[in-house]
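Below is one structure, written out as structure tokens, with a few remarks after it.
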Amino acid sequence: MGDCVDHCELAFSWKNDACVITGFDSFDLHMTCQCGQAFRWVRAGDSGQLEEGVVRGRFLRLEQRGAELVVHPPADDETVAIVADYFRLRQSHAALEVGIAGIDPIMARAVDSARGLRLVAQEPWECLVSYIVSANNSVAQISRVVENLSRTWGRPVDGSLRYSFPAPNDLGCASEADVLACKAGFRSRSICEAAGKIAGGELDLDAVVAMEYHAAKQELMRLRGVGEKVADCVLLFSMGKFEAFPIDVWIERAVRCLYFGGEQVSHREIRQWAAASFGRLAGYAQEYLFAYARLSIPGKLRNG
DNA sequence: AGCCAGGACACGA
DNA sequence: TCGTGTCATGGC
């Protein structure tokens with residue numbers, strides 16, 4: 001069930017320059033875009049029905065109508081392909097959710113609280129910078145900084161007022177003071193160093209993608225500002241390493257309260273427990289737990 | 001005013 | 001290998 005085999009046969013039909021995608025199973029566009037794994041999606045439209053974002057240098061304007069996903073113009077073949085790929089629409093997600101919900105009653109509740117939540121296939125470089133920025137930061141602030149970086153060094157994206165996320169080369173030309181002006185704070189130095197190392201070929205993200213999970217994690221952690229948690233997020237959200245189990249304050253709280261009776265648990269213990277409990281699906285389990293924990297703000301999960 | 005936010009790092013024991 | 005203070009920045 002975690003083999004990421006494509007199961008869903010998608011159908012595409014064009015109406016009025018928009019493309020309607022059907023054929024996918026369990027999928028919730030807003031849940032997926034707003035859960036805090038990616039930072040460039042904006043809810044738009046009169047009733048907040050749209051999700052607008054920039055992926056691979058293209059402006060995407062999406063709307064879900066039940067079992068239909070509408071790609072608003074421009075919906076050329078490449079754009080539609082990017083959408084299907086980004087949200088992994090060919091993957092049978094319903095089957096995966098059944099598998100996760102079947103692990104234990106807590107996971108059943110977690111899946112139920114966020115059904116249709118997908119792990120998107122982000123671009124590694126953008127994801128890396130986003131999660132360097134995430135250190136001791138809030139989702140709203142991370143989005144702001146990523147948007148500032150794009151506006152400052154990215155390229156204008158056709159059909160929108162948005163900008164592409166700058167390539168390592170483009171960001172590599174920036175001074176630390178320039179990055180600081182984007183409100184990146186104490187993470188500015190880490191961003192500049194990462195851009196320099198990747199632009200200079202000292203670290204090859206394509207090579208990291210090809211590595212086995214643990215080796216890939218060690219490689220990413222060579223970068224300043226990249227510890228275990230950030231590395232796991234990059235591996236999970238942009239490199240298809242679904243055994244990654246990022247542990248942040250929310251996950252620690254959720255695991256401690258829901259599984260360890262409120263007793264203190266070290267990150268090392270949580271990692272071992274997650275690997276033993278969820279195996280290759282750890283990343284998906286983590287994302288449902290994260291959504292479940294954040295949904296129960298403020299404090300249902302606090303202190304046992 | 002003080003604490004928290006999808007932490008990492010240097011330091012000391 | 002473990003805890004602790006610190007790092008910008010903004011919201012509550």
Side-chain angles (χ1 to χ4, degrees), chain A residues 31-41 110 113-114 117-120 122 124 126-149 152 174-194 197 217-239 241-242 244-258 263-272 274 282-303:
Chain A
M31 180 81 72
T32 300
C33 290
Q34 300 300 330
C35 74
Q37 63 179 310
F39 302 97
R40 298 208 66 188
W41 290 101
S113 76
L117 172 59
R118 302 236 177 178
L119 287 177
V120 301
Q122 296 186 46
E126 176 180 333
C127 188
L128 172 63
V129 175
S130 300
Y131 278 93
I132 288 176
V133 172
S134 81
N136 197 28
N137 216 340
S138 66
V139 172
Q141 182 69 5
I142 299 163
S143 302
R144 223 168 287 139
V145 173
V146 170
E147 218 54 33
N148 290 342
L149 293 172
T152 308
S175 71
E176 193 176 323
D178 293 335
V179 178
L180 192 62
C182 293
K183 305 300 180 183
F186 60 84
R187 311 134 188 114
S188 298
R189 177 181 170 189
S190 303
I191 295 172
C192 289
E193 284 190 18
K197 283 189 177 179
K217 186 168 175 178
Q218 290 308 308
E219 193 66 9
L220 288 178
M221 287 174 62
R222 286 173 45 207
L223 297 169
R224 171 179 295 276
V226 180
E228 291 210 49
K229 191 270 174 182
V230 168
D232 272 332
C233 283
V234 175
L235 291 166
L236 181 60
F237 299 138
S238 75
M239 296 185 173
K241 312 295 185 192
F242 298 117
F245 191 87
I247 301 170
D248 61 16
V249 292
W250 292 96
I251 288 297
E252 175 177 357
R253 204 175 293 155
V255 171
R256 172 166 49 82
C257 297
L258 297 173
E263 298 296 320
Q264 292 258 345
V265 196
S266 70
H267 287 196
R268 184 179 54 79
E269 286 177 281
I270 294 180
R271 275 195 301 279
Q272 292 176 350
Y284 278 96
Q286 190 272 2
E287 203 58 7
Y288 286 107
L289 274 177
F290 181 75
Y292 184 49
R294 280 178 37 117
L295 213 68
S296 19
I297 322 180
K300 262 195 170 181
L301 290 173
R302 291 175 200 259
N303 298 331

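It should be emphasised that the depicted structure is a prediction, and the values quoted were computed from it without experimental measurement. These values consider heavy atoms only, across backbone and side chains, with no hydrogens, waters or symmetry-generated copies. Quick note on labels: first sequence line is chain A, next is B, and so on, each numbered from 1.
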**Prompt:** Nearest of dG10(C), dG7(B), dC2(C) to any side-chain atom of R268(A)?
**Reply:** dC2(C)
**Asked** Within the structure shown, what part of the strands sits under 4.0 Å from E228(A) by heavy-atom distance: base, sugar-phosphate, or nothing?
**Response** sugar-phosphate
**Request:** Would you classify V226(A) as touching base, sugar-phosphate or nothing, given that sugar-phosphate means primed atoms plus P, OP1 and OP2, and contacts are heavy atoms under 4.0 Å?
**Result:** sugar-phosphate
**Atom-to-atom span, CD of Q272(A) to C1' of dT1(C) - whole angstrom** = 14 Å
**Message:** Without decimals, in angstroms, what is the distance between L295(A) CG and dG6(B) C1'?
**Reply:** 16 Å
**Message:** Between F242(A) and F237(A), does the ring-ring contact (aromatic ring centres under 6.0 Å, His included) criterion hold? Intermediate values first, please.
**Reply:** CA-CA 9 Å; F242(A) 298 117; F237(A) 299 138; 10.0 Å; no
**Message:** Both D248(A) and L223(A) contact DNA chain B. Which one's nearest nucleotide lies toward the 5' end?
**Reply:** D248(A)
**Asked** Is the ring of F290(A) stacked on the base of dG6(B), with centres less than 5.5 Å apart and planes under 30° off?
**Response** yes
**Asked** Are D178(A) and S175(A) linked by a side-chain donor-acceptor pair shorter than 3.5 Å?
**Response** yes
**Message:** With a 4.0 Å limit, can you tell me whether R187(A) has a side-chain N or O closer than that to the phosphate oxygens OP1/OP2 of dA8(B)?
**Reply:** no
**Asked** If you measure from the P atom in dG6(B) to the same atom in dG5(C), how many Å do you get, rounded?
**Response** 23 Å
**Message:** Using heavy-atom distances to pick each residue's nearest nucleotide on DNA chain B, tell me which of F39(A) and R224(A) is more 5'.
**Reply:** F39(A)
**Request:** Give the C-alpha distance, both sets of side-chain angles, the deciding distance and a yes or no for salt bridge (charged side-chain N to carboxylate O under 4.0 Å, His left out) between R271(A) and E228(A).
**Result:** CA-CA 11 Å; R271(A) 275 195 301 279; E228(A) 291 210 49; 3.4 Å; yes
**Item:** Nearest-nucleotide pick for L180(A), side chain only, options being dA5(B), dT9(C), dG6(B)
**Value:** dT9(C)
**Request:** Using a 4.0 Å heavy-atom cut-off across all strands, classify E252(A) as base, sugar-phosphate, or nothing.
**Result:** nothing
**Message:** Looking at K197(A) and E193(A), is any side-chain nitrogen of the basic one under 4.0 Å from a carboxylate oxygen of the acidic one?
**Reply:** no
**Prompt:** Reckon G36(A) touches a base, only the sugar-phosphate, or nothing at all at heavy-atom distances under 4.0 Å?
**Reply:** base
**Prompt:** Between atom CZ in R271(A) and atom P in dT1(C), what is the gap in whole Å?
**Reply:** 12 Å
**Request:** Could you work out which one of dA5(B), dT9(C), dA8(B) sits closest to the side chain of V230(A)?
**Result:** dA8(B)
**Asked** Of the nucleotides dC7(C), dG11(C), dG6(B), which has the atom closest to the N136(A) side chain?
**Response** dC7(C)
**Request:** Considering only atom P, compute the distance from dT4(C) to dC3(B) and round it to an integer number of Å.
**Result:** 15 Å
**Request:** Looking at every strand, decide which applies to K229(A) at a 4.0 Å heavy-atom threshold: base, sugar-phosphate, or nothing.
**Result:** base
**Request:** Would you mind telling me which of dG7(B), dG10(C), dG6(B) lies closest to the side-chain atoms of Q141(A)?
**Result:** dG10(C)
**Asked** How close or far is atom P of dC7(C) from atom CD of E176(A), stated in whole angstroms?
**Response** 15 Å
**Prompt:** Ignoring hydrogens and geometry, is there a side-chain-to-backbone donor-acceptor pair from S238(A) to C127(A) under 3.5 Å?
**Reply:** no
**Request:** Among dG7(B), dG6(B), dG10(C), find the nucleotide with the atom closest to the side chain of A135(A).
**Result:** dG7(B)
